Amino acid sequence: MINVTLKDGSIKQIPAGTTVLELASSISQGLARAAVAAKINGEIKDLNTKLEEDAEVEILTLDSEEGLAVMRHSTAHLLAQAVKNLFPGTILGIGPAIANGFYYDFDSEHVFTPEDLEKLEAEMKRLAKEDYKFERQELTREQALDYFQQKGEKYKVELINDLPGEARISIYTQGNFTDLCAGPHVPSTKMLKAFKLQSIAGAYWRGSEKNKMLQRIYGLAFAKKSDLDDYLNKLEEAKKRDHRKLGMELDLFSLHDEGPGFPFFHPKGMVLRNILEDFWREEHLKRGYVEIKTPIILSRSLWEQSGHWDHYKDNMYFTKIDDQDFAVKPMNCPGGMIMYKSKLRSYRDLPIRCGELGLVHRHELSGVLHGLLRVRSFTQDDAHIFMLPSQINEEIIGVIDLIDYFYKVFGFEYHVELSTRPENSMGSDEDWEMATNALKEALETKGLEYKVNPGDGAFYGPKIDFHVKDCLDRTWQCGTIQLDFQMPEKFDLTYIGEDGEKHRPVMIHRVVYGSLERFIALLIEHYAGAFPVWLSPVQVRILPISDRHNEFANIVETVLKEEKVRVEIDQRREKINYKIREAQTAKIPFALVVGDKEMETDSVSVRRYGEQETAVMNLNDFVSLIKTEIITKKINDKGLVQ
RNA sequence: GCCGAUGUGGCUCAGGGGUAGAGCAGCUCACUCGUAAUGAGCAGGUCGUCGGUUCGAAUCCGACCAUCGGCUCCA
């Protein structure tokens, strides 16, 4: 007999050799039916795994993310089986579980079409009903190589060759289909019920553009049909808050063929932008920052000195002035270096926190452009902090706190990543290690959880990245803190120390919004276009009921304008219902209806965006209400759900 | 840049080898109206661009451009 510790802490005695499924049955039949896999001492295994010694066992069902992942992975195998049946000769890539579903990469002469997806889905449903068992088999390396070589599965052969020597090689078979796979899998295809093939995309084998591009089929898979439907609905809802759609509807910005990746900001978009800039200046001033502006075009020699010419050329735009080479800046730092060097600096001056709302241009590949989230010209809310080595920790923490403060004001949730030294970077390993450790230390001081992104740093230093989600849960890097020992060296930056000698300062590059464009896109999606009052391009729309109320409406407008409220009047000769509807679809936070009743009492009838009920209040009361919301930057949580 | 899809009036979309259609928006007129669409009329497109096939192309073919979904890359 062996002792099995269950999830709830209880210990069960069972005979050695009992399978996990039998264990589940002994607990309850319901659990046995719902079980998809099990976590044995932290490792996820098949249900028919035999328990030979004492262990901690957790039976996984589709109620857990881990159970879902197993099921999704099994669904990927089901797709591969369907593809093999319908398109014989297809060579298999890989097919993992991902958030909400799975994908599988295929190499096929046949180009998959959306119609094929329907056929494949039907075939998958047919196969699922066949109740094929997922059977695991372990092979030696030679057997595995033989098997897949014979079948012409060259990618699988490559994978096997790359497996470490001691790895156990396993294959899984369901019906007529066998795949190389570490597992685990659900017991049978009949557990695969709620899935849908979603899209076809190209994807490089092993994620390298040097390799062949395979055809990737994406699918969704959930525990039950209603979960799948819920998710599909969520996708539909998400489309409604897409910043590209809302940006046009709300007249914030536009994109045109004449300038791919170069957004046009409309008057209302500019209001939003300017508020973000005002807020930024205010908060930075409080924290001891100064602001500069450096040129957009600078000479080739500067970019050679900074290393951009060697490390960033592919992303830069060039021009000639009087036969000399110049480049349009892709980053603000070299300009900041020149500013620093424009006079002698003392240790007493440090840290210098030097901000710049700098417009940068980067040549991004055409296929990556995406609304305001990925553009070719954008404004970074940059700053370069020049400091003594002893100030590093404190300054990094200062920036972390600043970013956290900003994101909280907007109600953004974020996650943090630490990106380390990339290939093709400058500087010594010691410098990189020092810089990376400094960033880590600051993160740990703050107790922030972070994910490490190996090789994802800038060419001059490691960085802490702050990521925010868009409407489809794709994350976008916004804030970043980069520690740089290289630029000060390259530009021979110095300060005069206490000892009267020259010393090398250390530098931080950092942004809070990241880019105004990206941040605005994320704000639009976050609020679904219904901005909190302080950000709203139009805060109030006055709706006179008929012509005879226009005069009073004008008075209300004047009063609000005096208080710097952004207000407009809808004086068209339309019915009040119509005007209200339009104010709502324009997502204006306050619609003020004024008619006879209001005129007599110097009041306004206040209707908030997204609410049905109205409140008649004295004009002065409304002024103080809206002003409070503006000053406190109140977030209207109604805007977050639609 | 790579793979696939898409491109018809300001927007959403129908149509499809014989020189273009709807709804919304816009404009005009009437209605002066109490919390999500008043009615009538008018106007608006060389069907992404350039080539080719054809008696004839918006429709078929090709190239290019842009957009969308991915991949790679990034704020």
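Below, chain A is the first sequence line, B the second, and so on; all start at residue 1. All values below come from the heavy atoms of this structure, side chains included, with hydrogens, waters and symmetry mates left out. Quantities reported herein were computed from a predicted structural model and do not represent experimental measurements.
Evaluation of Phe378(A) against the base of A75(B) yields a stacking contact (centre distance < 5.5 Å, interplanar angle < 30°).
Between the side chains of Thr294(A) and Asn332(A), no donor N or O sits under 3.5 Å from an acceptor N or O. Using modelled atom types and a 3.5 Å distance limit, the side chains of His549(A) and Asp596(A) yield a donor-acceptor pair.
Nucleic acid contact class of Leu214(A) (heavy atoms, under 4.0 Å, all strands): none. When heavy atoms are screened at a 4.0 angstrom cut-off, Lys597(A) is found touching base atoms of the nucleic acid. Using a 4.0 Å heavy-atom cutoff across all strands shown, Arg376(A) reaches no nucleic acid atom at all. Across all strands, Gly207(A) comes closer than 4.0 Å only to sugar-phosphate atoms, never to a base (heavy-atom distances). Among the atoms of the strands shown, none is found under 4.0 Å from any heavy atom of Gln571(A). Residue Glu364(A) is classed as a base contact, given a heavy-atom separation below 4.0 Å to a base. Residue contacts shown for Val375(A) include a base, since a base heavy atom lies under 4.0 Å away. In this structure, Glu574(A) reaches the bases: a heavy-atom distance under 4.0 Å links it to at least one base atom across the strands shown. Using a 4.0 Å heavy-atom criterion, one finds that Val511(A) contacts no nucleic acid atom at all. Backbone-only engagement by Ala203(A) is indicated by non-hydrogen atom pairs under 4.0 Å involving sugar-phosphate atoms exclusively. Across all strands, Asp547(A) comes closer than 4.0 Å to base atoms (heavy-atom distances).
G4(B) atom C1' lies 15 Å from atom CG of Leu197(A), rounded to whole Å. One interatomic measurement links the two molecules: NE2 of His509(A) to C1' of A75(B), which rounds to 14 Å at whole-angstrom precision. Atom NE2 in His467(A) sits about 10 Å away from atom C1' in A75(B), given to the nearest Å. Rounded to a whole Å, the CE atom of Met213(A) is 14 Å from the P atom of A5(B). In this structure, Tyr104(A) atom OH and C71(B) atom C1' are separated by 18 Å, rounded to whole Å. Summarising the geometry, the separation between CZ on Phe264(A) and C1' on U67(B) is reported as 16 Å, rounded to the nearest angstrom. Look at CD1 on Ile200(A): it is 9 Å from C1' on A5(B), rounded to the nearest Å. Going from atom CZ of Arg573(A) over to atom C1' of C29(B) covers 10 Å, rounded to whole Å.
Side chain of Arg216(A), nearest nucleotide from C71(B), G69(B), A36(B): C71(B). For Val368(A), counting side-chain heavy atoms from C-beta on, the closest listed nucleotide (C71(B), A37(B), U67(B)) is C71(B). With G1(B), A75(B), U35(B) as the candidates, the nucleotide lying closest to the side chain of Tyr204(A) is G1(B). Proximity note for Arg474(A) (side chain, C-beta onward) versus G70(B), U35(B), C33(B): the nearest is G70(B).
When both pairing distances are held under 3.5 Å, A5(B) makes a Watson-Crick or G-U pair with U67(B). In this structure, A57(B) makes no Watson-Crick or G-U wobble pair, since no nucleotide meets both defining distances under 3.5 angstrom. Nucleotide A14(B) forms a pair with no other nucleotide shown, judged by Watson-Crick or G-U wobble geometry with both contacts under 3.5 Å. Of the nucleotides present, A40(B) is the one that pairs with U28(B) by Watson-Crick or G-U wobble criteria, both distances under 3.5 Å. Nucleotide C50(B) forms a Watson-Crick or G-U wobble pair with G62(B), both donor-acceptor distances falling under 3.5 Å. In a base pair of the Watson-Crick type (N1 to N3 plus N6-O4 or O6-N4) or a G-U wobble (N1-O2 and O6-N3), with each distance short of 3.5 Å, C73(B) is matched with no nucleotide.
Checking the phosphate oxygens (OP1, OP2) of G39(B), no side-chain nitrogen or oxygen of Tyr578(A) falls inside 4.0 Å. When the side-chain nitrogen and oxygen atoms of Arg607(A) are compared with OP1 and OP2 of A36(B), one or more of them lie within a distance under 4.0 Å. Contact check, Tyr218(A) against C71(B): a side-chain N or O comes under 4.0 Å of OP1 or OP2. The side chain of His363(A) places no N or O atom within less than 4.0 Å of a non-bridging phosphate oxygen (OP1 or OP2) of C73(B). Side-chain N/O atoms of Gln584(A) include none lying less than 4.0 angstrom from OP1 or OP2 on A36(B). Remark: Arg244(A) is in phosphate contact with G69(B), judged by side-chain N or O atoms under 4.0 Å from OP1 or OP2. Here Ser366(A) reaches the OP1 or OP2 of G1(B): one of its side-chain N or O atoms lies under 4.0 Å away.
Considering Asp107(A), Leu159(A), Leu92(A) as possible partners of Glu153(A), the one that fulfils the side-chain contact (heavy atoms from CB on, under 4.5 Å) test is Leu92(A).
Taking the ring axis of Tyr578(A) as reference, the NZ or CZ atom of Arg572(A) does not stay both within 45° of it and closer than 6.0 Å to the ring centre. In this structure, Arg421(A) forms no cation-pi arrangement with Phe459(A), as its terminal cationic atom is not both closer than 6.0 Å to the ring centre and no more than 45° off the ring axis.
Nearest-nucleotide positions on RNA chain B for Lys463(A) and Lys245(A) put Lys245(A) closer to the 5' end. For Asp596(A) and Leu255(A), each mapped to the nucleotide of RNA chain B holding its nearest heavy atom, the one lying further toward the 5' end belongs to Asp596(A).
Here, C73(B) and A14(B) have their C1' atoms 39 Å apart, quoted to the whole Å. Across U72(B) and A66(B), the matching P atoms stand 22 Å from one another, rounded to whole Å. Annotation: C47(B) and G21(B) have their P atoms spaced 14 Å apart (nearest Å). Nucleotides A43(B) and A25(B) place their C1' atoms 13 Å apart, quoted to the nearest Å. Between the P atoms of A22(B) and C64(B), the separation comes to 36 Å (whole Å). Across the C1' atoms, A40(B) and A36(B) are found 23 Å apart, a figure rounded to whole Å. Between the P atoms of G69(B) and G62(B), the separation comes to 25 Å (whole Å). Of the P atoms belonging to G56(B) and C2(B), the separation is 35 Å, rounded to the nearest Å.
Between the side chain of Glu517(A) and the backbone N or O of Thr379(A) there is at least one donor-acceptor pair closer than 3.5 Å. Within the 3.5 Å criterion, the main-chain N or O of Ser603(A) finds no donor-acceptor partner in the side chain of Lys597(A). No donor-acceptor pair under 3.5 Å is formed between the side chain of Gln380(A) and the backbone N or O of Val511(A).
In this model, a side-chain donor or acceptor of Arg374(A) finds a partner on the base of C73(B) within 3.5 Å.
A distance of 12.5 Å separates NZ in Lys212(A) from CH2 in Trp205(A), rounded to the nearest 0.5 Å. Within the model, atoms CD1 of Ile542(A) and CZ of Phe552(A) stand 9.0 Å from one another, a figure rounded to the nearest 0.5 Å.
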